[in-house]
Amino acid sequence: MASRIKRRKRRRAAALAGMVILAGAGLLFFYFRIYKVVPVFSEMTCEYGDSVSQNIEDYISGTDWSVHLGELDLSRVDEGHTGTYQAVVYHGRSRFTYEVTIEDTVAPEIVWKDGQVYLAVGTDYGVEDVIASVEDVDPGAEAFFSGGDGISGEIKFNQTGQYNVEIVARDSSGNESQGSVSVIVDTPPVFQGIRNFYCIPGSEPDYLEAVSARDDLDGDLTDAIRVDDSRVNLEIPGDYRLRYVAEDSYGLETVEEARILVAEESGIQELIGCRQIDYRKDTILGAPNIYDAGAGEREDIRETLEYMRPAMVQLYHGVGRGGYSSGSGYIMEITEDTIYICSNNHVVGKYDDWDVYFYDGTVVRGKTVGTSKEYDVGVAAVPLERVPGELLEKLMTVHIDRSYWESLNQQDIDIGLERIDREGGLLHSTTGKLVKVKQDFEWNNQADHTEVTVELVHGDSGSALVDGYGNLICMAYAFSTDPTRYWCVPLDGILDCYKEITGRMPYVY
């Protein structure tokens, strides 16, 4: 009995052992045949620009079911830069690492422009002006000009002709491609007559007035000038830029800019008054007196007298048998139809008409407007239509700053005058000092006169005396003797008499 029981226990133990062996064998079969995966590689190389594979099957092998249990980690791989990085696959408790190298072995491609390339002589050009582009997966790839002195980002030709230009393209990894392109170097169009504009709000300037363009190849390109005023608002005060573009048949462009300052008339006149703008160089619209000579920044009486010469005239009247009468004068105003000239009464009052000689020798017939008894002041006028256009573009009026003049008293400042002749030269020039702006005077209604040390001689009557900045101080009148003293009509007397005679008042600062 006991022996049977023992045999049964042994059979059960053997059965259980067999079951354990079978289960272990099953687990081993499951692991090695179904679950286990192995790395496909340990190192891989990718071309820069190609995406690193995100397919788990490219990294581990095994059954489809087990492979897709793996997790691929590419967070440490920077596809935007070359280098060696680490990729990781997690599978259960296993961790597989891979060395991923991203390298750039492909040289950039130079994309050439279609057709002939034309460049302008004397102009700096970049590579982008000669080729269409550089194509490469590396955003840092660049192209350069290549020559005997190495590589450069710019090129310039100082002579016209046809040239072969060498180009090299290089990426961050040092890969290079080279090539050459033929360029024709020619002269670009040339502008003439472009001026800056200074105008009041609401003005309608003609941007193309007197502007022309010419090219050696195409000749006159004036009709093809393009004006870009998209950044200009003529209704609102501001400082704007105007663009002029001229293009020849080679496609060479010349671009120039002009300034457009829109401001109130007083602001523009102030710029004229301090000689920052000049109607002879700029287009000025809406200012009260565009012809004003203005005042210089530094005191120099000789330089100022020469500068002021276009404001001076000589009045001449022939008398029978070769005789004549003459005197000096200066331009007070230039209006839309008249040039007004100030002089002495004892000059202008002699005749009803005069030959007016301007500083360049041009003579125009004028007439007497009137005279004053308060001071020795007379006014003559010349119709504007009789003045040649070339001369009108050079004339100026004397600069009158009453506030400045009223601040003067016994000032030892330099003043002087010039008297022009009838041939466009000088008859007389002299300088001296201001003694007193308003000095007691015993003659001519005993009105106060300006006393100076400037030596006045016969023929100086009616001359403008200016200081070293260009301000009108007084007008030559006479001299007295015992002792000799030199007398002038003061500025306020000139202005009062001018208004009395003409009914007008020139622009006064």
Side-chain angles (χ1 to χ4, degrees), residues 195 197-200 202-206 209-210 264-266 268-269 271-273 277-294 308-317 327-345 347-372 377-400 420 422 424 462 464 472 475 494-509:
R195 312 178 82 182
F197 293 82
Y198 299 86
C199 51
I200 62 175
S203 298
E204 297 181 356
D206 181 358
E209 182 181 6
E264 298 302 324
E265 62 179 39
S266 59
I268 297 176
Q269 191 65 49
L271 294 176
I272 299 172
I277 61 177
D278 187 335
Y279 83 99
R280 295 167 293 184
K281 301 175 182 177
D282 307 300
T283 296
I284 305 173
L285 303 175
N289 182 13
I290 68 170
Y291 300 99
D292 177 53
M308 295 289 296
R309 205 168 292 164
M312 308 306 166
V313 302
Q314 182 185 143
L315 301 173
Y316 181 89
H317 189 95
S328 296
Y330 49 95
I331 301 174
M332 285 285 282
E333 278 192 287
I334 301 177
T335 68
E336 293 181 356
D337 54 13
T338 306
I339 296 178
Y340 289 96
I341 297 162
C342 199
S343 184
N344 286 140
N345 175 11
V347 174
V348 174
K350 293 179 180 179
Y351 302 99
D352 291 333
D353 51 22
W354 292 88
D355 287 332
V356 179
Y357 285 86
F358 292 93
Y359 82 106
D360 67 343
T362 299
V363 58
V364 179
R365 195 67 171 173
K367 64 179 181 179
T368 297
V369 177
T371 60
S372 173
V377 176
V379 177
V382 171
L384 200 66
E385 62 184 12
R386 297 181 186 176
V387 179
E390 292 182 0
L391 173 61
L392 184 59
E393 292 176 356
K394 301 174 183 177
L395 298 181
M396 60 175 59
T397 65
V398 289
H399 179 70
I400 304 172
I420 64 171
R422 300 195 302 276
L472 178 64
M475 176 172 60
I494 297 172
L495 293 174
D496 290 344
C497 293
Y498 182 82
K499 185 176 181 180
E500 173 195 340
I501 296 166
T502 65
R504 302 180 54 81
M505 180 59 71
Y507 188 85
V508 177
Y509 291 84

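Just so it is clear, the values below take in all heavy atoms, side chains as well, and ignore hydrogens, waters and symmetry mates. Bear in mind that the values here come from a model prediction, so they are computed numbers and not experimental data.
- A donor-acceptor contact shorter than 3.5 Å links the side chain of Ser343 to the backbone of Ser328.
- Contacts classified as salt bridge (charged side-chain N to carboxylate O under 4.0 Å, His left out) and involving residues 380-395 (residues at least two apart or in different chains) are not found.
- A 4.5 Å side-chain heavy-atom check between Ile331 and Met396 finds every atom pair outside the cut-off.
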Go through it in stages, so that I can follow the logic: the residues are Tyr198 and Ile272, the test is side-chain contact (heavy atoms from CB on, under 4.5 Å), and I'd like the CA-CA distance, side-chain angles, deciding distance and then a yes or no.
CA-CA 10 Å; Tyr198 299 86; Ile272 299 172; over 6 Å; no
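- Partner Val377 forms a side-chain contact (heavy atoms from CB on, under 4.5 Å) with one of Asn344, Thr371, Ile501, Asn345 and no other, that one being Ile501.
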Run the numbers on Thr283 and Asp206 for side-chain contact (heavy atoms from CB on, under 4.5 Å), then give the verdict.
CA-CA 10 Å; Thr283 296; Asp206 181 358; over 6 Å; no
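- The shortest heavy-atom contact between Val369 and Ala380 is CG2-C, 3.9 Å.
- Sorted by first then second residue, the side-chain hydrogen bond (donor to acceptor under 3.5 Å, both in side chains) pairs that include residues 500-509, not counting sequence neighbours, are Gln269-Tyr509, Asp292-Tyr509, Glu333-Arg504, Ser372-Glu500.
- Nearest heavy-atom pair across Pro506 and Leu495 is CG-CD2, 3.9 Å.
- Taking the side chain to side chain donor-acceptor pair (under 3.5 Å) definition, one finds that Arg195 meets it with nothing, sequence neighbours left out.
- A donor-acceptor distance shorter than 3.5 angstrom exists from the side chain of Thr368 to the backbone of Tyr351, with no hydrogens or angles considered.
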Taking it one step at a time, do Ile334 and Leu384 satisfy side-chain contact (heavy atoms from CB on, under 4.5 Å)?
CA-CA 8 Å; Ile334 301 177; Leu384 200 66; 3.9 Å; yes
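- Contact check for Tyr291 versus Ile284: no side-chain heavy atoms found under the 4.5 Å cut-off.
- For the residue pair Gly327 and Val347, the shortest heavy atom distance occurs at CA-CG1, 3.8 Å.
- Here the closest non-hydrogen pair linking Gln314 and Ile420 is NE2-O, 2.8 Å.
- With contacts defined as side-chain heavy-atom distances shorter than 4.5 Å, the pair Ile341/Trp354 does not qualify.
- Heavy-atom contacts from other residues, nucleotides or ligands closer than 6.0 Å to CG of Asp352 number 12 or fewer.
- A heavy-atom distance below 4.5 Å is not found between the side chains of Val363 and Arg422.
- Note that CZ of Phe358 is 4.0 Å distant from CD1 of Ile339, once rounded to the nearest 0.5 Å.
- Residues Val382 and Val387 meet the side-chain proximity criterion, which asks for heavy atoms closer than 4.5 Å.
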